[in-house]
2 protein chains.
Amino acid sequence: MADAALFEFLHMEMVAELWAHHSDPGPGGQKTSLSVLEGMGFRVGQALGERLPQETLAFREELDVLKFLCKDLWVAVFQKQMDSLRTNHQGTYVLQDNSFPLLIRMASGPQYLEEAPKFLAFTCGLLRGTLSTLGIKSLVTASVASLPTCKFQVVIQKT
Amino acid sequence: MADAALFEFLHMEMVAELWAHHSDPGPGGQKTSLSVLEGMGFRVGQALGERLPQETLAFREELDVLKFLCKDLWVAVFQKQMDSLRTNHQGTYVLQDNSFPLLIRMASGPQYLEEAPKFLAFTCGLLRGTLSTLGIKSLVTASVASLPTCKFQVVIQKT
């Protein structure tokens with residue numbers, strides 16, 4: 001049945017609910033809602049990370065961890081793999097999804113681009129939270145050049 | 001991996017978020033959050049219902065529809081079937097789950113019973129929304145006598 005869609009529908013409701021009740025129409029209110037969504041994603045990512053098999057937690061190469069996100073995490077959450085992973089070998093990674101499921105239902109005209117950030121904040125948090133459980137501190141941002149393609153940029157925070 | 005847990009974690013975050021930002025501590029604020037959660041569940045249930053295969057939509061016996069919720073819907077959302085279904089044959093159905101997944105993580109002392117409603121509201125809406133897509137108007141309430149057992153009462157609204 002529809003279990004794969006459950007997360008997607010729930011995510012959509014969450015975004016709608018936060019925007020209906022939380023936001024001032026101004027940029028300040030939008031920023032709050034984005035950071036609430038990011039925070040929820042972070043905690044869900046942490047919790048998912050804690051359920052990983054022990055052998056997964058043992059890999060210590062940064063690149064292996066990123067590959068794990070692109071494959072296992074993405075399949076678990078979105079039933080597909082990330083399309084590409086690039087790195088500058090200095091702690092910055094760009095993960096590209098050519099048809100990001102949480103953007104697919106949006107109309108694809110350029111006028112909808114400005115709506116995209118609210119559909120990306122939760123997932124940025126999800127990546128950051130999973131990385132955190134795996135012992136890696138990071139900053140994660142997302143950008144969309146043309147819907148529904150989406151790039152997540154992960155910048156590792158060296159301690 | 002952890003995909004089965006994704007919904008559970010997300011639901012937990014949603015409840016926490018609504019209680020952190022929406023509620024006055026008084027019963028009025030709690031009521032608002034409960035009805036927001038119920039509404040989100042309703043819309044997710046509707047959306048899930050719309051993805052059902054056409055043959056499912058064709059069954060017209062009320063009892064068949066309820067059996068479908070107990071089996072297919074429950075498996076899709078909770079990876080388990082409902083434990084029992086009873087009816088008075090006059091439009092009232094009691095669906096019992098002996099270990100309702102959204103309550104399992106709660107400590108089981110009787111002092112936690114009063115926290116239970118916030119973990120049930122979304123699912124009441126989910127049942128009502130799926131029924132609505134299947135053409136049945138209903139009222140759905142939930143009650144807990146001892147954690148994590150939970151009963152959902154569905155009262156069909158005749159038109």
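Because the structure is a prediction, the values reported are computed rather than measured. Order of the sequence lines sets the chain letters (A, B, ...), proteins ahead of strands, with each chain counted from 1.
In this structure, NE2 on B/His11 lies 8.0 Å from CG on A/Leu10, to the nearest 0.5 angstrom. With rounding to the nearest 0.5 Å, the separation of CZ in A/Phe9 from CD in B/Glu50 is 7.5 Å. Note that CD of A/Glu17 is 7.5 Å distant from CZ of B/Arg43, once rounded to the nearest 0.5 Å.
Under a hydrophobic-cluster definition in which Ile, Leu, Val, Met, Phe, Trp and Tyr are linked whenever side-chain heavy atoms come within less than 4.5 Å, directly or via other members, B/Phe42 and B/Phe68 are assigned to different clusters. Under the 4.5 Å side-chain heavy-atom criterion for ILVMFWY residues, no single connected hydrophobic cluster contains both A/Leu131 and A/Leu139. Side-chain heavy atoms closer than 4.5 Å link hydrophobic residues (I, L, V, M, F, W, Y) into clusters, and following such links, possibly through other members, connects B/Leu63 to B/Leu134.
Within the structure, every pair that satisfies the side chain to side chain donor-acceptor pair (under 3.5 Å) test and touches residues 116-128 of chain A, not counting sequence neighbours, is listed here: A/Glu38-A/Arg128, A/Glu115-A/Lys118.
Side-chain contact check for B/Glu13 versus A/Phe122: every heavy-atom pair is 4.5 Å or farther apart.
When all heavy atoms of A/Val44 and B/Leu6 are compared, the pair lying nearest together is CG1-CD1, 3.8 Å.
In this view, A/Phe78 and A/Phe7, A/Trp74, A/Phe100 satisfy the ring-ring contact (aromatic ring centres under 6.0 Å, His included) rule, not counting sequence neighbours.
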